[in-house]
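All remarks here apply to the structure that follows.
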Amino acid sequence: MSLKVESLALANWRSIEGLSLALDPSLTMLVGPNATGKTNTVEALALLTRGTSFRRAKAAEQVREGAEAGSAKARLAGDGRVVDVGVSVSLGEGRRFTRNGKPVSPSSVAGTLLSVLFTPDDLTLVKGSGRERRGEMDAFGSQASRAYGKVARTYQRSVEQRNRLLKEPVVDESLLAAWDESVALGGATLLSHRLSLMARMGPLWEEAYRRIAGGEELRVSYASSLGELGGAETRAQLAERMARAFAERREEELRRGHTVVGPHRDDLLLEVAGRDARSFASQGQQRSIVLAWKLAQVRFAEDVLGERPILLLDDVMSELDDHRRAAIASLVDAGIQTVITTTHTGYFDAPTLERAKVVPYG
């Protein structure tokens with residue numbers, strides 16, 4: 001048995017003045033019109049399990065209008081354990097996270113209970129920019145492994161520092177050489193983490209897609225800005241390749257003022273029936289790819305990490321057909337704690353509604 005969210009309490013959180021919610025261990029359905037606080041509730045759950053807001057919100061934006069501060073608290077229980085996680089947000093001090101009453105970093109909160117989040121914005125994952133696919137990969141990797149999250153954050157900071165140096169009117173070559181070494185080592189470490197993650201996630205993603213799409217094939221591969229990867233390269237070899245790429249493209253980087261190679265420029269290549277999904281996938285295929293990615297996250301958590309995540313579905317049922325809704329319903333049947341927001345209950349069959357805890361909003 002994994003941890004599950006037992007309860008959630010919100011105070012002055014966005015549009016919500018106060019909310020005390022006991023979650024069902026199986027399915028909780030938040031039902032009501034738009035702009036009644038359903039997504040705000042899901043955002044709080046995501047923040048308390050992921051350490052970041054999927055809305056990329058500033059702390060002040062999460063404080064209810066007219067208030068100076070707000071808070072979100074959740075009690076997690078299971079395996080004979082009880083864990084209280086919380087976040088306070090204020091106009092002047094930003095976000096402060098706690099775990100069992102003690103201050104912790106956002107990354108510490110992220111490792112407590114893994115969550116799989118599906119929002120309407122995720123449906124742009126296939127045809128959106130590479131940044132979105134990298135972000136999805138790193139967000140999940142950071143939840144699955146604190147080491148992964150630390151490496152990703154450290155690499156991003158080092159690239160930002162190197163970019164600032166490249167923008168200087170006169171660049172100190174010795175200092176740039178030092179940053180070359182640091183960024184190459186950090187980039188090779190992050191690349192190793194990503195390749196390891198996708199070696200496990202790729203087959204799960206492809207399998208889930210075949211199941212949803214009636215046997216149609218999806219191929220997932222990692223596209224590195226370093227070029228073709230052999231698959232057996234060590235971290236030291238990857239760092240050497242990156243350092244060599246910096247030297248070869250030095251003039252371009254100085255001209256453009258930013259780092260042009262590295263994991264922050266990589267992408268995932270998605271092919272359906274042998275064709276690039278970014279250019280040729282239909283809307284139905286795009287939805288199947290994204291849903292398969294979410295199902296693969298759940299499977300990875302169960303098979304590799306040995307835990308069951310909480311599944312957060314924000315207003316996506318209206319975007320899916322009956323076949324894809326059934327794929328989501330199978331997770332609830334399998335014992336995955338799920339929170340769904342919806343404007344009405346007509347998307348669900350009678351057995352699903354009977355076993356759900358339905359919470360009215362508005």
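Treat the numbers as computed from the prediction; the structure is a model and nothing was measured.
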### Message
How long is the straight-line distance from CZ of Arg219 back to CG of Asp276, given to the nearest 0.5 Å?
### Response
11.5 Å
Is there side-chain contact between [X] and [Y], with heavy atoms separated by less than 4.5 Å?
{"X": "Gln337", "Y": "Leu23", "result": "yes"}
{"X": "Phe246", "Y": "Val183", "result": "yes"}
{"X": "Thr119", "Y": "Arg55", "result": "no"}
{"X": "Arg95", "Y": "Ser53", "result": "yes"}
{"X": "Arg324", "Y": "Glu319", "result": "no"}
{"X": "Phe280", "Y": "Val272", "result": "no"}
{"X": "Leu195", "Y": "Leu229", "result": "yes"}
{"X": "Asn34", "Y": "Tyr361", "result": "no"}

Under 3.5 Å, is there a donor-acceptor pair between the [X] and [Y] side chains?
{"X": "Thr341", "Y": "Asp315", "answer": "no"}
{"X": "Arg162", "Y": "Thr259", "answer": "yes"}
{"X": "Thr112", "Y": "Arg99", "answer": "yes"}
{"X": "Arg194", "Y": "Tyr222", "answer": "yes"}
{"X": "Gln297", "Y": "Gln143", "answer": "no"}

If you count heavy atoms of other groups shown closer than 6.0 angstrom to [atom1] of [X], is the number above 12?
{"X": "Lys150", "atom1": "NZ", "value": "no"}
{"X": "Glu17", "atom1": "CD", "value": "no"}
{"X": "Glu173", "atom1": "CD", "value": "yes"}
{"X": "Lys58", "atom1": "NZ", "value": "no"}

Between [X] (side chain only) and [Y] (backbone N and O only), is there a donor and an acceptor less than 3.5 Å apart?
{"X": "Thr189", "Y": "Leu185", "value": "yes"}
{"X": "Lys357", "Y": "Thr28", "value": "no"}
{"X": "Arg325", "Y": "Leu320", "value": "yes"}
{"X": "Lys38", "Y": "Leu30", "value": "no"}
{"X": "His323", "Y": "Ile212", "value": "yes"}
{"X": "Ser142", "Y": "Ala139", "value": "no"}
{"X": "Trp13", "Y": "Asn40", "value": "yes"}
{"X": "Ser108", "Y": "Val104", "value": "no"}
{"X": "Thr342", "Y": "Thr345", "value": "no"}

#### Entry: From CA spacing to verdict: salt bridge (charged side-chain N to carboxylate O under 4.0 Å, His left out), Glu253, Arg256
CA-CA 5 Å; Glu253 290 194 322; Arg256 298 175 64 175; over 6 Å; no
May I ask you to decide whether [X] forms a salt bridge with [Y], counting only side-chain N to carboxylate O separations under 4.0 Å?
{"X": "Arg241", "Y": "Glu233", "answer": "yes"}
{"X": "Asp267", "Y": "Arg278", "answer": "yes"}
{"X": "Arg250", "Y": "Asp180", "answer": "yes"}
{"X": "Glu271", "Y": "Arg275", "answer": "no"}

### Query
Do the ring planes of Phe140 and Trp293 sit parallel (below 30°), tilted (30 to 60°) or perpendicular (above 60°)?
perpendicular
Same cluster or not: [X] versus [Y], using hydrophobic residues (I, L, V, M, F, W, Y) connected whenever any side-chain heavy atoms lie under 4.5 Å apart?
{"X": "Leu353", "Y": "Ile336", "value": "yes"}
{"X": "Leu218", "Y": "Leu269", "value": "no"}
{"X": "Ile310", "Y": "Val82", "value": "no"}
{"X": "Trp205", "Y": "Leu305", "value": "yes"}

### Query
Run the salt bridge (charged side-chain N to carboxylate O under 4.0 Å, His left out) check on Glu217 and Arg210 step by step: do they pass?
CA-CA 6 Å; Glu217 292 291 332; Arg210 277 194 301 272; 3.3 Å; yes
### Task
Kindly write out the residues that satisfy salt bridge (Lys or Arg N to Asp or Glu O under 4.0 Å) with Glu136, not counting sequence neighbours, or none if the list is empty.
Lys294
### Query
Quick one: salt bridge (Lys or Arg N to Asp or Glu O under 4.0 Å) partners of Arg249, sequence neighbours excluded?
Glu252
### Task
Begin from the C-alpha positions of Arg164 and Glu160 and carry the test salt bridge (charged side-chain N to carboxylate O under 4.0 Å, His left out) through to its verdict.
CA-CA 6 Å; Arg164 279 196 282 272; Glu160 290 169 357; 5.1 Å; no
### Query
Considering the options Asp138, Leu190, Leu191, which one meets the side-chain contact (heavy atoms from CB on, under 4.5 Å) requirement together with Val151?
Leu190
